[in-house]
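Structure first, then comments.
Letters A, B, ... mirror the listed sequences (proteins, then strands); counts begin at 1.
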Amino acid sequence: MSKFQAPKGVSEYYPPNSQQFEYVRDQLLRTARLAGYKLIELPVFEDTEVFTRGVGESTDVVSKEMYTFEDRGGRSITLRPEGTAGVMRAVIEHNLDKGQLPVKLFYTGPFFRAERPQAGRYRQFYQVGIEAIGFNDPEIDVEVISVAQTAFKALGLKKFKLNITSLGDSSSRENHRKDLVKFISGLKLDEATLARAQINPLRLFDDKREEVKAAMAKAPLLLDYLNKESKQHFETVQGLLKNIGIDFQINPRMVRGLDYYTGTTFEFDHQMLGAQSGIGGGGRYDGLMSSLGGADVSGIGFGLGIDRILLACQAENSLPAELNEIDLFVAPITEAGKAAAFKLISELRLSGVTCDMAYGDRGLKGAMKAADRSGAKYGLVIGDDELATGNCQLKSMSSGQLISSNLDASDLLEKLGKK
RNA sequence: GUGGGCGUAGCUCAGCUGGUAGAGCACCCGGUUGUGGUCCGGGAUGUCGCGGGUUCGAGCCCCGUCGCUCACCCCA
């Protein structure tokens, strides 16, 4: 056992698993690009205040899960616990909202929360997210949801569900909160739970304990307090979702953990994961930009958890069996063969062929074994005969069939079907 | 922060009521002096997480400690 271990609770990916991780991330990014979103690449740390003001002081994320430290200039810095606040900081700073709207951005990378790790929950985890800024039409809500849905489908996932609700606008929430607080004050609950209710009474809807669920069964629902405008917006969203064939379930008890959400919010759950079954979620955040000092511009977005989506794909066995397959593996058997092999694979790589070769002096058998282990589609022996005649035999590693070819990059490209 | 489970070979794990370690897979060599997989033969590998205690004797029992893991809270 080595002396050093990775810090507690981080997810690490190395071959062969890292190929699956890479595939999942690339599919998610591809889906965002297909919908016209453009990359935004941001620092993994920000001024702490971006999160305390953006995400909200009362959230668990901010109050007890942030990696915060002082840098050498005495500034308070925090490793990003989520993506949206930082994106909004950049949008404001670079005036990205001053051009044509909506601004459509996607991002990916690691995020950090100092929580107790468990299955599907890590202290460093990976997300792909998108943000559509500057439009508050229901259409854009549906587009964001459908991008997530499309991404899951592209990965072959089936056993997931979409939950949606609406948090309404601030006046709807204010009215509901008054009644909810009154209702909760009539309940017999333990001190810790009441303390949570003080911070955000909505949290009690999310409690997994049966006694709390029972107590909350008759609690007033925010969905019943939506004013006309909010209600109309939410109904349009539902209609559009049905129209494009996206199944969903309205869940008025769904609670999101970040304070900036307003209006439409949603969550995707996967049925085959453990306690941490949320594979992605998001919603509208119409007050976030202004709370960070920007213009009063609305927005909506989501974050998808790559780690959890990978676990879901593995549970459903939905990933392709072969990933990053090697096209050609060269087995040189003499010194001259090695030199020729080097030259050949560098030429083929330039033409986009994935290729590798055997190193060392383990003989032909060893080199062929290496070809086999590499998972390559084709093998190619280069020895004195090949160099003398200029002919070689391309071998299909699956069927064993030998294909004659000239020993040059151009002819091999053709035989490999890469031309 | 709270609770449960688990730490034995590179990996997955077995190891009886205590008698100083094993399997499968993987790896290496050979059977095969120009073609891998299958098959056959051979081979290397362990401070049994760490520290202490009980015992003639501890992988196994007791105490402590560290780590991992699952769950609560919360979230991707």
Spacing between A:L328 atom CG and B:rG36 atom C1', to the nearest angstrom
14 Å

May I ask you to verify whether the side chain of A:E115 and the base of B:rA76 hold a donor-acceptor pair under 3.5 Å?
yes

Candidate pair A:E46 and A:R89, rule salt bridge (Lys or Arg N to Asp or Glu O under 4.0 Å), full reasoning
CA-CA 9 Å; A:E46 294 274 356; A:R89 188 273 305 151; 2.8 Å; yes

Rounded P spacing from B:rG46 to B:rA21 in Å:
13 Å

If pairing requires Watson-Crick or G-U wobble contacts with both distances under 3.5 Å, which nucleotide is the partner of B:rU54?
none

Tell me which nucleotide among B:rC73, B:rC72, B:rG67 gets nearest to the side chain of A:K64.
B:rC73

Any Lys/Arg nitrogen of A:D26 or A:R30 sitting under 4.0 Å from an Asp/Glu carboxylate oxygen of the other?
no

Is there a Watson-Crick or G-U wobble partner for B:rC72 with both distances under 3.5 Å, and if so, which one is it?
B:rG1

Rounded to the Å, how far apart are A:E12 CD and B:rC68 C1'?
13 Å

For B:rC27, take OP1 and OP2 only and decide whether either is under 4.0 Å from a side-chain N or O of A:R373.
yes

Between B:rU35, B:rA71, B:rG34, which one does the side chain of A:D384 approach most closely?
B:rG34

Whole-Å distance between B:rA76 C1' and A:Y122 OH?
11 Å

Start at the 5' end of RNA chain B and walk down; is the nucleotide closest to A:A6 or to A:Q393 reached first?
A:Q393

Work out how far the C1' atom of B:rG59 is from that of B:rG18, and round it to whole angstrom.
10 Å

With a 3.5 Å distance limit and no angle check, can you tell me whether A:R308 reaches the backbone of A:I279 through a side-chain donor-acceptor pair?
no

Which nucleotide, B:rG37, B:rC72, B:rG67, lies nearest any side-chain atom of A:Q276?
B:rC72

When all nucleic acid strands are considered with a 4.0 Å heavy-atom cut-off, which category describes A:G366: base, sugar-phosphate, or nothing?
nothing

Pairwise C1' distance for B:rC60 and B:rU20, with rounding to whole Å
12 Å

When you compare B:rG15 with B:rG31, how far apart are their C1' atoms, in angstrom units rounded to a whole number?
35 Å

According to a strict under-4.0 Å criterion, is A:Q118 in side-chain N/O contact with OP1 or OP2 of B:rU69?
no

Would you mind telling me which of B:rG34, B:rA76, B:rA71 lies closest to the side-chain atoms of A:R113?
B:rA76

Consider the side chain of A:E386, meaning its heavy atoms from C-beta on, and name the nucleotide among B:rC73, B:rA76, B:rG34 that approaches it most closely.
B:rG34

Roughly how far apart, to the nearest Å, are B:rG51 and B:rG7 at atom C1'?
15 Å

Regarding A:R80 and the six-membered ring of A:F111, is the cationic atom NZ or CZ under 6.0 Å from the ring centre and inside 45° of its axis?
yes

Give one of base, sugar-phosphate or nothing for A:A119, where a contact means two heavy atoms less than 4.0 Å apart.
sugar-phosphate

Spell out yes or no: do the side chain of A:K395 and the base of B:rG36 have one donor N/O and one acceptor N/O closer than 3.5 Å?
yes

Does A:Q127 put a side-chain nitrogen or oxygen below 4.0 Å from OP1 or OP2 of B:rA76?
no

Any donor-acceptor pair under 3.5 Å linking the side chain of A:R349 with the backbone of A:C355?
yes

If we take the C1' atom in both B:rG22 and B:rA9, what is their distance in whole Å?
10 Å

Interatomic distance where CE belongs to A:M368 and C1' belongs to B:rU38 [whole Å]
15 Å

Hunt down the Watson-Crick or G-U wobble partner of B:rC25, both distances under 3.5 Å, from any strand shown, or write none.
B:rG10

Sugar-phosphate, base or nothing in reach of A:D385, heavy atoms under 4.0 Å:
base

For A:V147, run the side-chain contact (heavy atoms from CB on, under 4.5 Å) check against A:L34, A:T31, A:V142 and tell me which one passes.
A:T31

Between A:F160 and A:F152, does the ring centre distance come in under 6.0 Å?
yes

Which one of A:T265, A:V255, A:L221 satisfies the side-chain contact (heavy atoms from CB on, under 4.5 Å) criterion with A:T165?
A:T265

Counting heavy atoms from C-beta on, name the nucleotide in B:rA76, B:rU32, B:rC73 closest to the side chain of A:D60.
B:rC73

Would you mind telling me which of B:rG34, B:rA71, B:rG31 lies closest to the side-chain atoms of A:A275?
B:rA71

B:rC28 phosphate, OP1 or OP2: any side-chain N/O from A:R362 under 4.0 angstrom?
yes

Can you tell me the pairing partner of B:rG46 across any strand shown, Watson-Crick or G-U wobble, with both distances under 3.5 angstrom?
none

Are B:rA76 and A:F111 stacked, with the base six-membered ring and the side-chain ring centres under 5.5 Å apart and planes under 30°?
no

Separation of the P atoms in B:rG41 and B:rG53, to the nearest angstrom:
47 Å

Pair A:D169 + A:R173, salt bridge at N-O below 4.0 Å:
no

Over all strands shown, is A:G363 touching base, sugar-phosphate only, or nothing at heavy-atom distances under 4.0 angstrom?
nothing

Atom pair distance, as rounded to whole Å: CZ in A:R121 and C1' in B:rG1
12 Å

Ignoring the backbone of A:R116, work out which of B:rC73, B:rG3, B:rG31 is nearest its side chain.
B:rG3

Whole angstrom value for the distance that separates C1' of B:rA76 from CE of A:M66
17 Å

Sticking with atom P, work out how far B:rU2 lies from B:rU47, rounded to a whole angstrom.
33 Å

Backbone of A:L273 reached by a side-chain donor or acceptor of A:S277 within 3.5 Å
no

note: A:K369, atom NZ; B:rA26, atom C1'; distance rounded to Å ~ 11 Å

Mind checking if A:S398 touches a base, just sugar-phosphate, or nothing, with heavy atoms under 4.0 Å?
base

Report the base-pairing partner of B:rU20 (Watson-Crick or G-U wobble, both distances below 3.5 angstrom), or none.
none

So which one's nearest nucleotide on RNA chain B is more toward 5', A:K8 or A:G280?
A:K8

Nearest-neighbour nucleotide for the A:L364 side chain, B:rG36, B:rC70, B:rU35 considered:
B:rU35

For A:I333, report the nucleic acid contact type (base, sugar-phosphate, nothing); a contact means any heavy atom under 4.0 Å.
base

Whole-Å distance, A:Y126 OH to B:rA76 C1', equals 13 Å

Considering every strand shown, what is the Watson-Crick or G-U wobble mate of B:rG34 when both distances are under 3.5 Å?
none

Under 4.0 Å, counting only non-hydrogen atoms across every strand here, what does A:E65 touch: a base, just sugar-phosphate, or nothing?
sugar-phosphate

